Peer 1: 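The structure that follows is given in the form of C-alpha cells.
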Amino acid sequence: SGGNRVGEQVGFRIIGIDPGSGLMKASAKAIQDYGLDGWTLLEGSGTAMTAALDKAYKNEEPIIVTGWTPHWMFVKYKLKYLEDPKKSFGESEEIHTISRLGLGKDKPSAYRMLQQFHWEPSDMEKVMTLISGGTSPEAAAEKWVVDNPEIVAEWIKDVPPASGERLKLAYVAWDSEIASTNVVKAVLESKLGYKVDMLQVEIGPMWAGIANGDADAMVAAWLPTTSIDYYDKYKGKFEDLGSNLAGTKLGFVVPNYMDVQSIEQLKR
Ligand SMILES: C[SH](C)CC(=O)O
C-alpha cells in the first residue's frame with residue numbers, strides 16, 4: 001500500500017520536536033490511532049526538526065515532520081498537513097497567556113498589558129519569518145513593534161508605565177514562542193519601562209516556574225488540548241489571562257512534492 005512506499009522513502013520515521021510538548025503527545029496518539037506499527041517518532045527539538053526539513057527540502061527528498069501553525073516553514077516552503085480524519089491532532093486551538101498568582105497585585109501594568117496582548121497568526125508569522133531569515137529575535141520583535149503601532153497601542157491602552165521594574169517571562173524554544181515572547185518583552189520594555197528577563201526552559205519547568213512563582217508569566221499555553229496535562233497538573237497555581245492568538249493547527253507535515261495526502265496512507 002501507499003504506506004509502504006512512503007514509509008520506505010522516509011525509513012518509517014517521523015521527525016519530531018521536544019519530548020514533553022503536546023505536539024509530540026498528539027503525534028504519539030496519531031501513531032496509535034492509525035495503527036502505524038513499525039513507525040518511529042524521533043524526539044529532538046524545533047530547531048533540529050526545521051534543520052532536517054531544510055536539508056530534505058533543498059534536495060527534494062521525502063520527509064515527514066511534526067508541524068504547527070503559525071510557523072515560518074509554511075512561508076518558506078511549499079508544505080501540506082497530512083489529512084487527520086480521526087482528529088488525533090484535535091481541532092484548531094488558541095494560545096493562552098498564563099501568569100503566576102498575584103501578578104495583578106504586584107505588577108499591575110505588566111499584568112494589564114499581558115491581558116490585552118492579542119494578535120493574529122499572520123502577525124506572529126511575520127516575526128518568525130524575519131528570525132528564520134537571520135534577524136535576531138530582539139531586532140525582529142522591535143521591527144514588528146515599530147511597524148504595528150496601532151496594534152501595540154491596544155495592548156498598552158490605559159496601562160501606566162512602570163519604569164525600572166523587573167519582570168521574568170518563561171518560554172520554550174519553539175519558533176512561535178521565541179517570536180511572541182520577544183515581542184511582549186519589546187513592548188514591556190520600550191513602552192512601559194520594565195526590565196524583562198527571558199527564561200528559556202523545557203515545557204515542564206516553564207509551567208512549574210509559573211506555579212512556584214519563579215517566573216511571572218508566559219505566552220505559550222496551547223489550549224484546550226495541547227497543554228492540558230500541565231494545565232490540569234498546576235490548576236489553581238496559575239492565572240489564565242485568556243487567549244493571545246486564535247487559529248493554531250498541529251499535525252504531520254510533508255513537502256508538496258510528496259505523493260501522500262493522509263495519515264491513513266502511512267499504515268504498513
Ligand atoms: C509545539 S507547539 C508550539 C506547543 C506544544 O506542542 O505544546
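Just so we're clear, the structure is a prediction, and the values are computed from it rather than from any experiment. Just so you know, ligand 1 is whichever comes first in the structure, and atom 1 is the first atom listed for that ligand.
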Peer 1: Are Asp229 and Lys25 close enough for a salt bridge, meaning some N to O gap below 4.0 Å?
Peer 2: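 Looking at Asp229 and Lys25, the cut-off is met.
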
Peer 1: Within a distance under 4.0 Å of any heavy atom of Ser176, pick out the atoms of ligand 1 and give their elements.
Peer 2: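 By the 4.0 Å cutoff, the relevant atoms are 3 (C).
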
Peer 1: State plainly whether the residues Asp214 and Arg100 are in salt-bridge range, i.e. N to O under 4.0 Å.
Peer 2: no

Peer 1: Given 3.5 Å as the limit, does a donor-acceptor pair link the side chain of Lys143 with the main chain of Glu138, or not?
Peer 2: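 No, the answer is negative, given that no donor and acceptor are paired below the 3.5 Å cut-off.
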
Peer 1: Out of all atoms in ligand 1, which are within 4.0 Å of some heavy atom of Glu177? Include the element for each.
Peer 2: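 In order of numbering, the contacting atoms are 3 (C).
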
Peer 1: If we only count N/O pairs under 3.5 Å, is Gly22 in contact with ligand 1?
Peer 2: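 Indeed, backbone or side chain, Gly22 has an N or O that close.
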
Peer 1: Are any non-hydrogen side-chain atoms of Lys185 and Tyr194 less than 4.5 angstrom apart?
Peer 2: no

Peer 1: Counting from 1, what ligand 1 atoms have a heavy atom of Ile17 closer than 4.0 Å?
Peer 2: 1 (C)

Peer 1: Tell me, which protein residue and heavy-atom name are nearest atom 2 (S) of ligand 1, and how many Å apart are they?
Peer 2: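 It is Trp222 CE2, 3.9 Å.
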
Peer 1: Looking only at distance, does Leu23 have an N or O less than 3.5 Å from an N or O of ligand 1?
Peer 2: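 There is such a contact, yes.
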
Peer 1: Considering only NZ, NE, NH1 and NH2 on the basic side and carboxylate oxygens on the acidic side, decide whether Asp197 and Arg166 come within less than 4.0 Å.
Peer 2: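 Result for this pair is yes, salt bridge flagged.
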
